[in-house]
Amino acid sequence: MSRKLIDNARRRLAGETGCQANPWGGRLSVALIYPNTYHQAMSNLGFLSIYHLLNSRSDTLCERFFLPDPDEIAEHRKTGYPLFSLESGRPLQDFDVVAFSISFENDYLHLPLLFELGRVPLFAAERSPNDPLLLCGGVCAFLNPEPLAEIMDLFAIGEGEVILHELLAALIQGGERAEMLRSLARLPGIYVPSRYQVHYHPDGTLAAQTPLVGTPPVVKRQWLADLDSAASRSFIQTEATEFGDMALTEVSRGCSRGCRFCAAGYIYLPLRERSLENLVAQVETGLCQRSKVGLVGAAVSDYPQIAELNQEILNRGGKISVASLRIDALTAAEVAALKASGHRTVALAPEAGSQRMRDLINKNLDVGQILQAVRFLAEGGIPNLKLYFIIGLPTETEADILEMLELVEQIREVWVEEGRKRGRLGNITLSVNPFIPKPFTPFQWAGMEPEKSLNAKLKKIRSGIARLGNTEVFFESLRSAQLQALLSRGDRRLGRLLPELAAGKNLKAGCRSLGLDPDFYTTRERSAAELFPWEVLDSGVSRDYLWLEYQRGLAGQRTPPCQVGCKRCGVCG
Ligand code: SF4
């Protein structure tokens, strides 16, 4: 028994307002785990919405588990006290189902520890029918479940609001484990990896994923057609989280822009938007507990009634916060609303510095639009500017990097010119991240740039920015990007890598110990006809369309955003 761990849990619970877990007794019990800390998890709308959905039913209860903080991990190890739920302090073994909600591939590294502290064997083959059933959801599950295929018993392929009701009904019915998995594999949006046999070619590429009898050849992604039918917001408010000062509210799902590197843009197609009435109702609920509303979505500034929504929030004495703004949708009115909300920094995402690279990724932006957006922000009195860039894109050259530095200089000239008028020079911060090829995007065939040439580009950018006053640059760690690239496009053989990495081995050493080559997964360009591990799923976007978009990108051709009645990618029928 650990006083410290229980006191921490009680403190977290005491700091919360909002949705609560159903009581025990006569219900299916679900342990919902976020494979990172409480601080991170409680700002994840997917996690909070599933928790709310499960506890809104009379036949199910759901309690939360998180990765303990470092000092708590030491306490668990010292006391031998197992992982326990926040609500009732029960261990994992007490639950019928353990459901992971995973948004980031690099959180897979926390799975060996969570299973160890949870006293549940990591690999499905080592578990018995007395162990809880392991379910995995979240965007990682329907981008590429294969690296976790030997760990999880089943995956939810798509949006929980659509998948859970039928799944829960089947789980409540219960039955012998193997038979239950056989029938669950036939439900829409449910992928049961043990119902597929995987074969590889001698060169290590995938030869086939063969379904066992009575199992569908592919699992179709499920999505919620009408967002107004299910709310998605901060169902639990707590200060002890990343966006604890905000009432987070989902505005839309998906994006119509078709940026060719962007998984979120492709894996949540088609674009769906909530009605203004639905949003105003959710905002009113949120403003009962917080004075700021965090608007969540892949392209919030594309929301057709964004000006009206902002005004509705300001009229109720609220403030507005948005993660980043679409450059070509930015208006002076939107800047004024952000200024009125006390925004000190606004982020823009040019993504690529040269026009050639922006056309490659289908950003549909030119320098004029970028500088206009910067001028809007500067004239609107926003003190600081954040800029997102990606480097290492397919066919990128040194000239593209130099053009990026020129663009930053042009942006800085506008920023300084307006700053002088205000008598105050704000800061410009660049966030530069390596390109990571993602499944179900046009760049799923591309290789990640090798570390050596990426480092040379980072060095050039660092020295170029160092010459500019009030401008700084931050780079995502290449190690973490390489791990993400490996896990994003990995296959089942990578499941066994997680304990190696969790035990402290670096990527190369961990792969070597399993006879794997990390470059096979990260930097290798895929052939046009190669079968991908994630193609046991059907995202709705046709492979041919993705290949066509890849070729159009390499040819520098732009593709317009989604249009009503369009059927080109296959998602809209
Ligand atoms: S079919 Fe057309 S409108 Fe629908 S998601 Fe695809 S590109 Fe967009």
Side-chain angles (χ1 to χ4, degrees), residues 46 138-144 156-163 188-189 218-230 232 250-275 278 296-306 324-329 349 351-352 358-365 394 437-446 528 532 534-573:
V139 66
C140 288
F142 51 100
L143 258 182
N144 180 13
I157 306 305
E159 296 160 29
E161 297 96 336
V162 183
I163 295 171
V218 291
V219 179
K220 288 188 183 317
R221 174 176 64 94
Q222 307 292 307
W223 67 80
L224 182 67
D226 173 14
L227 290 191
D228 282 4
S229 65
S232 181
E250 180 193 51
V251 171
S252 58
R253 225 173 266 185
C255 175
S256 66
R257 301 289 184 143
C259 299
R260 296 181 176 122
F261 65 88
C262 180
Y266 272 87
I267 206 69
Y268 281 105
L269 284 174
L271 168 66
R272 289 145 293 151
E273 291 154 334
R274 293 178 181 279
S275 66
N278 177 278
V296 178
V300 169
S301 35
D302 271 356
Y303 184 68
Q305 294 162 292
I306 188 69
S324 83
L325 294 167
R326 178 79 209 182
I327 286 173
D328 54 356
E351 309 288 10
R358 283 192 297 276
D359 292 344
L360 171 97
I361 63 175
N362 199 35
K363 197 67 193 176
N364 279 310
L365 275 182
K438 289 283 181 173
F440 293 124
T441 69
F443 290 163
Q444 63 181 1
W445 286 271
F532 297 132
W534 49 93
E535 289 183 308
V536 70
L537 311 182
D538 174 0
S539 76
V541 181
S542 75
R543 184 183 165 110
D544 293 346
Y545 179 78
L546 293 172
W547 177 257
L548 174 69
E549 273 297 298
Y550 185 29
Q551 303 317 301
R552 288 176 58 79
L554 295 174
Q557 294 165 337
R558 297 185 185 189
T559 298
C562 295
Q563 277 117 29
V564 178
C566 154
K567 295 192 178 346
R568 67 181 182 221
C569 82
V571 163
C572 302

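Side chains are part of it too, since the values below use all heavy atoms of this structure and drop only hydrogens, waters and symmetry mates. We count ligands from 1, going down the list as the structure has it; atoms in each ligand are counted the same way. Just so you know, residue 1 is the first one in the sequence shown, and it goes up from there. Computed from a predicted structure; not experimentally measured.
- Looking at Asp228, its side chain does come within 3.5 Å of a backbone N or O of Ser275 through a donor-acceptor pair.
- A donor-acceptor pair under 3.5 Å is formed between the side chain of Gln444 and the backbone N or O of Phe440.
- Here 1 is the count of protein N, O or S atoms positioned under 2.8 Å from atom 6 (Fe) of ligand 1, waters not counted.
- The backbone N or O of Lys220 sits less than 3.5 Å from a side-chain atom of Gln222, completing a donor-acceptor pair.
- Arg272 contributes no side-chain N or O that, together with a main-chain N or O of Ala225, makes up a donor-acceptor pair within less than 3.5 Å.
- In terms of modelled atom types and a separation under 3.5 Å, the side chain of Glu159 and the main chain of Leu224 share a donor-acceptor contact.
- Of the possible donor and acceptor atoms, one in the side chain of Ser301 sits under 3.5 Å from a partner among the backbone N and O of Arg326.
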